[in-house]
Engineer: 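I'd like to ask some things about the structure below.
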2 protein chains.
Amino acid sequence: MARNLQDHILQTASGLFYSQGIKATGVDAIVKAAGTTKMSLYKYFPSKDDLVLAHLNKSRDAMLNRILAGVELRASEPKQKLLAVFAVFDELLASPEFRGCPFINASAEFAEAANPVQLAAAEFSDAFREILAELARQAGSPDPEQLSQQLAMLISGAIVSEQMRRQSGAMRIASAAAKILIEQSLTTAG
Amino acid sequence: MARNLQDHILQTASGLFYSQGIKATGVDAIVKAAGTTKMSLYKYFPSKDDLVLAHLNKSRDAMLNRILAGVELRASEPKQKLLAVFAVFDELLASPEFRGCPFINASAEFAEAANPVQLAAAEFSDAFREILAELARQAGSPDPEQLSQQLAMLISGAIVSEQMRRQSGAMRIASAAAKILIEQSLTTAG
DNA sequence: TTGCAACTATACAGACCGGTATGTATTATT
DNA sequence: AATAATACATACCGGTCTGTATAGTTGCAA
């Protein structure tokens, strides 16, 4: 199935980490699910922490790419692209496998501020916000930093809300708020 | 110090659960920090799960009361009260002990959807949103449910943002967005 | 066919987990 | 002074955790 054992292990671990939580997923469970052995896992990932960070890096790349591709697919004008981000996330939340944001969850699981996991989570957060800021800039917002941060908050808030109560249509409601904030920000530009 | 040992244990556990995470906090650590023994802990709390739920219930009450009191202290008109909620949270985020929202974090730590912890988190979330909805209703919003959900998202989003990157002034930026959404919602009323 | 590398199988080490058993000291009430 | 409740001290249980050691198996290539 998987040509590369290392990738296969990472992929399996990634799925378990996301669906069950990182601390709740033992190495034995990963090994069993991947159909391999501890020896092989520890050959490619010297420690569970390394595997966790690999998982976060992989998830970060996958998520950013998915957002960029989804936006490109749905809109051509910057202002519409900003709203398309919400549509991409709305689709994500609809999936039955949805279990919140991997980075928010990881950040909550590893409390210590200096933890590498925290850093990885912040790294994604910054990258995501930069995407929004660039779109806001292109749309002509006079304060793309502030607008992008506000939109990012709406999205994280909607994710958290949907995580606690499924099928609440949180992202749609966030999108309505986004529309107002975007409009307001752009008309202040003139 | 503590008149009631049960309360003392709960208070100690609550602090550790919040600052270090629930799964990261062992019963032994709680016992040691509280200066008592396992036997006494297990007399009042039959299992760690019971202690965790007691912690969440206590945190819920404390948080809701703090919000209500803080709002009452800061504003008298409903519209101003809605904005005062953001000021209350802004104060919370400024504390060096701030480590995110106890309920968002707990929800992330316990992945299973049917878990009592998830239920407790959702319970707080609903109660909080109902406070906002009532204020929105009093302020004359034509759709208090939607407005309250949007404001709640901004707040959770700001909390999560501040958790990953401290001193970012997230709540102030969320408050600016809230002001726009509230104004927009109320002028649509007439 | 031999040799080598990748992978498997399994057992184990050592630490920590939640939870229990047994017994003792302290305090207040009667 | 006797009793009962409360809390402490300590050792222990079975289980699980990450990580390692040792040995056997497979497949491929020279």
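Labels below follow one simple rule: chain letters A, B, ... track the order of the sequence lines, proteins then strands, and each chain is numbered from 1.
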Engineer: Quick test of your reading of the model: are A/Glu162 and A/Arg172 salt-bridged, counting only N-O distances below 4.0 Å?
Structural biologist: no

Engineer: Under 4.0 angstrom, heavy atoms only, what part of the nucleic acid is B/Tyr44 near: base, sugar-phosphate, or nothing?
Structural biologist: sugar-phosphate

Engineer: Expressed in angstrom and rounded to an integer, what is the separation of B/Met39 atom CE from D/dA7 atom P?
Structural biologist: 12 Å

Engineer: What is the distance from CG of B/Leu41 to P of D/dT6, rounded to the nearest Å?
Structural biologist: 16 Å

Engineer: In whole Å, what is the span from the CG atom of B/Asp50 to the C1' atom of C/dG19?
Structural biologist: 13 Å

Engineer: Can you spot which of B/Glu97, B/Glu91, B/Arg99 makes a side-chain hydrogen bond (donor to acceptor under 3.5 Å, both in side chains) with B/Ser95?
Structural biologist: B/Glu97

Engineer: Just say parallel, tilted or perpendicular for the rings of B/Phe124 and B/Phe103, cut-offs at 30° and 60°.
Structural biologist: parallel

Engineer: Report the residue (B/Gln6 or A/Pro46) whose heavy-atom-nearest nucleotide on DNA chain D is the more 5′ of the two.
Structural biologist: B/Gln6

Engineer: To the nearest angstrom, how far is B/Lys32 atom NZ from C/dG18 atom P?
Structural biologist: 14 Å

Engineer: To the nearest Å, how far apart are A/Lys43 NZ and D/dG19 P?
Structural biologist: 18 Å

Engineer: Can you name the one residue among B/Leu53, B/Leu56, B/Val52 that meets side chain to side chain contact (heavy atoms under 4.5 Å, CB included) with B/Pro116?
Structural biologist: B/Leu53

Engineer: Can you give me the N/O atom pairs linking the protein to nucleotides 14-18 of chain D at distances under 3.5 Å, or say none if there are none?
Structural biologist:
{"from": "D/dT18", "atom 1": "OP1", "to": "A/Lys48", "atom 2": "NZ", "distance (Å)": "2.9"}
{"from": "D/dT18", "atom 1": "OP2", "to": "A/Val27", "atom 2": "N", "distance (Å)": "2.8"}

Engineer: Does a donor on one side chain and an acceptor on the other come within less than 3.5 Å for B/Glu134 and B/Gln138?
Structural biologist: yes

Engineer: Rounding to a whole Å, what distance do you find between A/Asp49:CG and D/dG19:C1'?
Structural biologist: 12 Å

Engineer: Mind calculating the distance between NE2 (A/His8) and C1' (C/dC7) to the nearest angstrom?
Structural biologist: 13 Å

Engineer: Should B/Ser40 be listed as having a side-chain N or O under 4.0 Å from OP1 or OP2 of D/dC8?
Structural biologist: yes

Engineer: Once you round to the nearest 0.5 Å, how far does CD1 of A/Ile131 lie from NZ of A/Lys81?
Structural biologist: 11.5 Å

Engineer: Within the pair A/Thr36 and C/dT8, is there a side-chain N or O less than 4.0 Å away from OP1 or OP2?
Structural biologist: yes

Engineer: Is there a donor-acceptor contact under 3.5 Å from the side chain of B/Glu109 to the main chain of B/Lys23?
Structural biologist: yes

